[in-house]
Structure formats: C-alpha cells, structure tokens
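Every chain is numbered from 1, with letters handed out A, B, ... down the list of sequences. Below, each value reflects all heavy atoms present in this structure, side chains not excepted, and no hydrogens, waters or symmetry copies.
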Amino acid sequence: MTKNKFYVTTPIYYVNDAPHIGHAYTTILADVLSRFHRALGDDTFFLTGLDEHGQKVQQAAEKRGLQPQAHCDELAPRFMDLWKKLGISNDDFIRTTEARHQGVVQAILQKVYDSGAIYQKEYEGLYSVAEERFITEKEAESGQFREVKTIKEKNYFFKMSQYQERLIKYIDDNPGFIRPEHRKNEMLGFLRQPLTDLCISRPKSRLSWGIEIPFDRDYVTYVWFDALINYISAIGYGSDEAKFRRWWPGVHLIGKDILTTHSIYWTTMLFALGLPLPEAIFAHGWWLMGDSKMSKSLGNVVRPLDLIEQHGVDAVRYYLMSEMILGADANFTPENFIKRYNSDLANDFGNLLNRVSGLIGKNHGGIIPAALEPTPAEEEVARSGRVLVPRVEALVREYKVDEVLNEVMNLIRQVNKYMEAQAPWKLAKTDLPAAGRVLYTATEALRLAAVLLKPVMPEKAATVLAILGVPDSGLAWGELKSGLALPAFPPLFPRIEVEKKV
RNA sequence: CGCGGGGUGGAGCAGCCUGGUAGCUCGUCAGGCUCAUAACCUGAAGGCCGUACGUUCAAAUCGUACCCCCGCAACCA
C-alpha cells in the first residue's frame, strides 16, 4: 500500500489579536488531524504561523514607541506559548516577517507582474482620514466614520477576474475541494457574479509596514500576496523544489469568515503561478458564547489558558473536538463543558478504567489475566473494536473528528454494557478464569480506545497505555499483554462537582 | 421573487440523495446492580419530523407554495 501524504495548515493568525478559543480550535483541529495521519502512517506536515504585517501592527507599534518588528517579536510568543501548552505538534511555524517568506513573496510578485497579470490603476473611493483607511459605502452610511472624503489613489491590481470561468469549472469538477458541501455552494453562488480584480498594494506613504513591491519601491504589498503565500513559502516554494513537491498541495483549515479569501483569491493566485490548487479547503464554524458571538465588548471571550489550568489540556482538546459538529457553529458554555467532561470522560471512560483495574486488583492479584478462548460475548466486543479502526480512518480522512470521538465513546459504552452483562465481579466467585477473560477483553477495548484517542488526548492516552504496560501498542485487536502487573493510579478524569463550580 | 444553508421529543444532532416501524448523546422519571469517580445497566415519559397543498398503496424522506432563523469580499478561527 502506498503511503499517503498529508500537508495541513491553519491560517496565519494576526499577531495583534489576543489568542482566543477560536484560534485554539482551528489549531487543535489541525493538530488532531496531523496526529491521526501520522498514526495512520501518512507522511505528514503541519504548518501554522503568524501574519505580522499591516496597518494595525504599524499603528500599535507606533503607539508604544516601538519598531514594528520589535512589537511583533514581543507579541509572537503569546501564540507560540499557547500552542506549546495546548500540545500542538506543528512541524513549522512561519512568521511573515521572516526573510524566507519575504523573499518568496517578492519573487512571486515579480513573476506574476512579468506575466502581465498585475497592472496599475487609479482607484477612487471613500476614505476616512480619521481611521486612515478606505471604507465601503455602507460603512460611510453608518455615520461612524469621521472626515470621510473621496480620494484617488494609484494601486496595483491582480487580474483575478480572468480566472473566473476556470475556477467555477474547477470547483464543479472537484467535489471535495471546498468543504463542507454547503460552503462550496456558497462560493459557486458568489462566483455567479462577475469577479473584480484584486487590489494588492498600498502606497508606502499610507502604509510602510509591509513587503516592498519589487517593481515599484513606493509600494508595499497588501495582505493577499503576503499572507496567503505563507502556505507555499514555508514548504520551500522558490527555495527548495524537492521539499515543495513533496508537500504541495495541502489542506487548508480555516474559519468560515475567510472562505472567500481562500477559495477565490488564493486559488486564482495559484492559477497565476501555474501551481495546483489546494487538496481541500475546509471551513469550520464559529464558537458562540451562549448564543451570542464571542466579543471583547461583551466580555465573554473565553481564554483557553484559563480552561487548561482548570481542567487540563486534554479535556479542553476533547471538548472542543467533540462539541463542534462538522462545519456548523457551536456553542461554548461552561455548563456544556462540564456536562460533556463528566459524562464522556469521567463517567464512561475514566470510570470504566477504574472498575476494570479495580477488579483485576481485587480478584486477579493485580495481574492482567489471560485472554482465553473468546465466547460469543467477547467476539462481539472484539468485532466492534476491529470494525472501529477502519471506520475511524475513513472519518479522519473526511475531517469528521467529532464523529470519531462519538464512535470511540460508543465502544466504551458497549464495554460498560458488556461488563454489566458478564458481571466479572460475580463470575470471579465461581469461575475465576472466565472472569479474567471478561476483564482482559474489557481492558483490551480500553487500550484500543486509548490508542484511538491519542491524537485528541495525547497525555491522557499515554497515561492509560503506560498503566496497561503497552505504551507503544497499535491499532490491532489483542495487543494487550496478559501477565503484566497493573500499577495503582489516581482517577484519570476526576468528576467535576457542579455545586462547587457554580 | 438575489444566492446558499437550516427548521426532527426539554437541549444538541442523525435520518432525507436510494419513500415503508423516527435513531443517537445529554436532561427528566422509575427500577436494577453494587466491581467503579453518588458512577454503570435496564425501562419509561416526551415528537402532529416549520406550515399548507400535491404525488403515491405508503412521505420526516419526492414536488409546489408559504413562514421563520442563519450566512453571503476585504484582513474576527
């Protein structure tokens, strides 16, 4: 069987933003997918990073009396540290101010310019002097902008419009390209209207903190030809062709807010470069806070660090991955978090581990019993375990992490039922080996579940596997070893007592 | 008539393409078990599947109309 390749990216986050649950979600999702693909034996590369140019950075730096670069250097660790704490296993971290990126951006601008797909044009629009930026007519009507006047400015434009038909055809021909399905339709709807060309520059007089346009030193390039290119500059485009060919094209995980940017701007840029389009662009939903959007003004921004400190990284990762249904918006509430933690992790998974190990300790001298010949009851559990693995693999390839978790929890629930039906605590009194057979089977199911949960909960899964004495065991049924001694251990996921929390 | 997505027991979702006893998780109630983190197991209550017509022996599932919610280009995942 040929090895698959998996290159996954998150957006590069804007360095001025305070990292919030949304950033954490996308990044954890990318991490979980990466870990799954690695576990499946795929050649995997996971990229995330920061977008460090632009007006807001320039202004914020000025306000603090710092050089923009110094400002960025100070802010960047907020993200890097958070990813470390969240157990993010990215293979690279790109910052758009790095030389390796800037050089590629300039080379690309030059190349596209030489091909005739970039031209200069005078642009007229509404400009807010107070805000120092162009505003839309709608914004002007809102009356929230002072000193609005019409000004003319020369800028460079990318001939995005010329790729419209080609892009429509591509999207039609590649059903898995934009996911989920309804987002694809949204984009096709968008493409029914004539595409305009894309303004890709800013005069330095207005914005100096950016990458200089190689064919006109009075300008810097504006966001698109800077930020989006990170996806290829990081993997060696223009500098390491072998590396680039190894990884490109990749899968872009994004929030639904930047779907147009990716599925239209970025893809037409790739057309202009003669490069293959991404393998997939997957847009997920937003986290709402109790039905309202998360916002600073409402004071309902959830800080990932607070959650980690309270409940541990793995619980947070599990919650975020299980609670957001593929592609839809999800609702974050502390009550929800506690409910899911208690029912899935504490009551089902953690508690099952406890009851099984407790019985082994009490009746079998703390030694994992022999598997023996399976009866139909064991066969049924084993079959569920065997069927689960390919099922999970298929779901992972469809980005359906929430369903993966549900499937694994179903196995755990089934084992709880199996325990109830077999009652090894009773069996032990009449037929000790038979009780052992039941406990072996239940423990093996737990082991397999832990292996499958490892990408989502690396620490907790490793703990379980270490307890079972098979830290490196894999996805085949029956890798649990009889005869090993089980150490004592504290509850894996202690229940969160609601009374105390409220 | 701009486009797209959605409206399924208290909550969140599946089912709809390939019509035929409405399923899952959580919550509620009752019972069981007592190995376990007051956990686990079983059972029950609770739905006119947004509304109205239509097709059909039969519609949550197909068709038509309507109502309601959400999203739809400039840097918020």
Side-chain angles (χ1 to χ4, degrees), chain A residues 10-14 16-30 51 53-56 133-136 160 180-193 195-196 198-199 222-224 226-228 253-261 264-265 283-287 293-296 301 322-331 335-336 339-340 342-363 402-403 406 409-410 413 415-421 423-428 435 439 490-497:
Chain A
T10 73
I12 46 174
Y13 306 112
Y14 203 56
N16 260 23
D17 293 336
H20 57 62
I21 193 106
H23 299 116
Y25 174 76
T26 314
T27 311
I28 292 171
L29 179 61
D51 179 8
H53 287 124
Q55 191 146 35
K56 284 182 186 167
R133 69 176 181 98
F134 280 93
I135 59 176
T136 63
M160 188 161 74
E181 178 90 17
H182 70 270
R183 298 288 173 200
K184 180 189 92 173
N185 295 334
E186 208 172 291
M187 284 304 102
L188 284 172
F190 181 84
L191 282 168
R192 246 173 248 139
Q193 271 136 32
L195 218 47
T196 56
L198 193 63
C199 179
Y222 177 68
V223 66
W224 318 120
D226 181 349
L228 292 167
L253 302 182
I254 57 171
K256 64 181 182 180
D257 52 306
I258 49 175
L259 179 61
T260 310
T261 322
I264 304 203
Y265 301 179
H284 64 252
W286 272 340
W287 284 94
K293 191 177 164 181
M294 175 168 48
S295 80
K296 283 175 200 161
V301 175
S322 60
E323 192 71 13
M324 184 168 275
I325 306 299
L326 185 86
D329 287 350
N331 213 331
E335 294 75 25
N336 245 338
K339 205 180 270 180
R340 195 171 268 281
N342 277 346
S343 68
D344 287 4
L345 298 181
N347 297 348
D348 284 346
F349 190 83
N351 182 53
L352 178 61
L353 180 65
N354 256 33
R355 55 196 307 212
V356 164
S357 71
L359 285 166
I360 290 175
K362 195 175 294 180
N363 299 329
D402 57 313
E403 288 189 43
N406 190 37
M409 289 318 298
N410 278 341
R413 292 183 193 111
V415 174
N416 267 321
K417 291 181 188 22
Y418 163 77
M419 286 283 285
E420 208 64 28
W425 51 93
K426 279 184 191 163
L427 249 189
L439 291 176
L492 199 63
F493 298 102
R495 268 181 73 83
I496 300 169
E497 295 308 328

Could you please name the option among [options] that lies closest to any side-chain atom of [X]?
{"X": "H20(A)", "options": "C76(B), C35(B), C40(B)", "value": "C76(B)"}
{"X": "N416(A)", "options": "C41(B), A77(B), G5(B)", "value": "C41(B)"}
{"X": "N351(A)", "options": "C75(B), C40(B), A77(B)", "value": "C40(B)"}
{"X": "R413(A)", "options": "U25(B), A77(B), U37(B)", "value": "U25(B)"}
{"X": "W425(A)", "options": "A77(B), G71(B), U34(B)", "value": "U34(B)"}
{"X": "E186(A)", "options": "C40(B), C76(B), G71(B)", "value": "G71(B)"}
{"X": "K339(A)", "options": "A77(B), U34(B), G27(B)", "value": "G27(B)"}
{"X": "F493(A)", "options": "U37(B), G32(B), A77(B)", "value": "U37(B)"}
{"X": "K417(A)", "options": "C76(B), C41(B), G4(B)", "value": "C41(B)"}
{"X": "T260(A)", "options": "A73(B), C76(B), U37(B)", "value": "A73(B)"}

Look at E420(A) together with R355(A) and state whether they make a salt bridge at an N to O cut-off of under 4.0 Å.
-> yes
Check ion pair K339(A)-D344(A) (N to O, under 4.0 angstrom) = no
Assess the side chains of N416(A) and R413(A): does a donor N or O sit below 3.5 Å from an acceptor N or O?
-> no
RNA chain B: N410(A) or F190(A), which has the more 5' nearest nucleotide?
-> N410(A)
5' precedence on RNA chain B between M419(A) and D348(A) (nearest-nucleotide basis) = M419(A)
What is the distance from [atom1] of [X] to [atom2] of [N], rounded to the nearest Å?
{"X": "D402(A)", "N": "C24(B)", "atom1": "CG", "atom2": "C1'", "value": "13 Å"}
{"X": "L228(A)", "N": "A77(B)", "atom1": "CG", "atom2": "P", "value": "13 Å"}
{"X": "L188(A)", "N": "C3(B)", "atom1": "CG", "atom2": "P", "value": "15 Å"}
{"X": "R355(A)", "N": "C35(B)", "atom1": "CZ", "atom2": "P", "value": "10 Å"}
{"X": "E323(A)", "N": "C24(B)", "atom1": "CD", "atom2": "P", "value": "19 Å"}
{"X": "I496(A)", "N": "A38(B)", "atom1": "CD1", "atom2": "P", "value": "14 Å"}
{"X": "I12(A)", "N": "C76(B)", "atom1": "CD1", "atom2": "P", "value": "12 Å"}
{"X": "H182(A)", "N": "G71(B)", "atom1": "NE2", "atom2": "P", "value": "12 Å"}

Separation of the [atom1] atoms in [N] and [M], to the nearest angstrom:
{"N": "C1(B)", "M": "C26(B)", "atom1": "P", "value": "49 Å"}
{"N": "C76(B)", "M": "G43(B)", "atom1": "C1'", "value": "48 Å"}
{"N": "G7(B)", "M": "G15(B)", "atom1": "P", "value": "10 Å"}
{"N": "C16(B)", "M": "G50(B)", "atom1": "P", "value": "15 Å"}
{"N": "G6(B)", "M": "C49(B)", "atom1": "C1'", "value": "14 Å"}
{"N": "C69(B)", "M": "G63(B)", "atom1": "P", "value": "24 Å"}
{"N": "C67(B)", "M": "U51(B)", "atom1": "P", "value": "15 Å"}
{"N": "U8(B)", "M": "C48(B)", "atom1": "P", "value": "12 Å"}

From CA spacing to verdict: side-chain contact (heavy atoms from CB on, under 4.5 Å), M419(A), L439(A) | CA-CA 8 Å; M419(A) 286 283 285; L439(A) 291 176; 4.2 Å; yes
Scan [X] against the nucleic acid and name what it touches under 4.0 Å (heavy atoms): base, sugar-phosphate only, or nothing.
{"X": "I254(A)", "result": "sugar-phosphate"}
{"X": "P11(A)", "result": "sugar-phosphate"}
{"X": "L492(A)", "result": "base"}
{"X": "K256(A)", "result": "nothing"}
{"X": "Y25(A)", "result": "nothing"}
{"X": "H284(A)", "result": "base"}
{"X": "N354(A)", "result": "base"}
{"X": "G350(A)", "result": "base"}

Got T260(A) and E186(A) here, is their nearest side-chain heavy-atom distance under 4.5 Å?
-> no
Side-chain touch F190(A)/L195(A), heavy atoms, less than 4.5 angstrom = yes
Could you tell me which non-hydrogen atom of A435(A) sits nearest to which non-hydrogen atom of P424(A), and how far apart they are?
-> CB-O, 3.5 Å
No-H, no-angle donor-acceptor pair, [X] side chain to [N] base, under 3.5 Å:
{"X": "Y13(A)", "N": "A77(B)", "result": "no"}
{"X": "T196(A)", "N": "A73(B)", "result": "yes"}
{"X": "Y222(A)", "N": "C75(B)", "result": "yes"}

Can you check whether N336(A) has a side-chain N or O nearer than 4.0 Å to OP1 or OP2 of G12(B)?
-> no
Kindly say if N347(A) contacts the phosphate of U37(B), meaning a side-chain N or O under 4.0 Å from OP1 or OP2.
-> no
With side-chain contact (heavy atoms from CB on, under 4.5 Å) as the test, would you mind laying out the steps for W287(A) and H20(A) before giving the verdict?
-> CA-CA 10 Å; W287(A) 284 94; H20(A) 57 62; over 6 Å; no
Please map the stems of RNA chain B, keeping only stretches of three or more Watson-Crick or G-U wobble pairs with both distances under 3.5 angstrom.
-> B:2-7 with B:67-72, B:10-13 with B:23-26, B:28-32 with B:40-44, B:50-54 with B:62-66
For [Y], does its backbone N or O pair with a side-chain atom of [X] as donor and acceptor, under 3.5 Å?
{"X": "H284(A)", "Y": "K256(A)", "answer": "no"}
{"X": "N363(A)", "Y": "W425(A)", "answer": "no"}
{"X": "N16(A)", "Y": "K56(A)", "answer": "yes"}

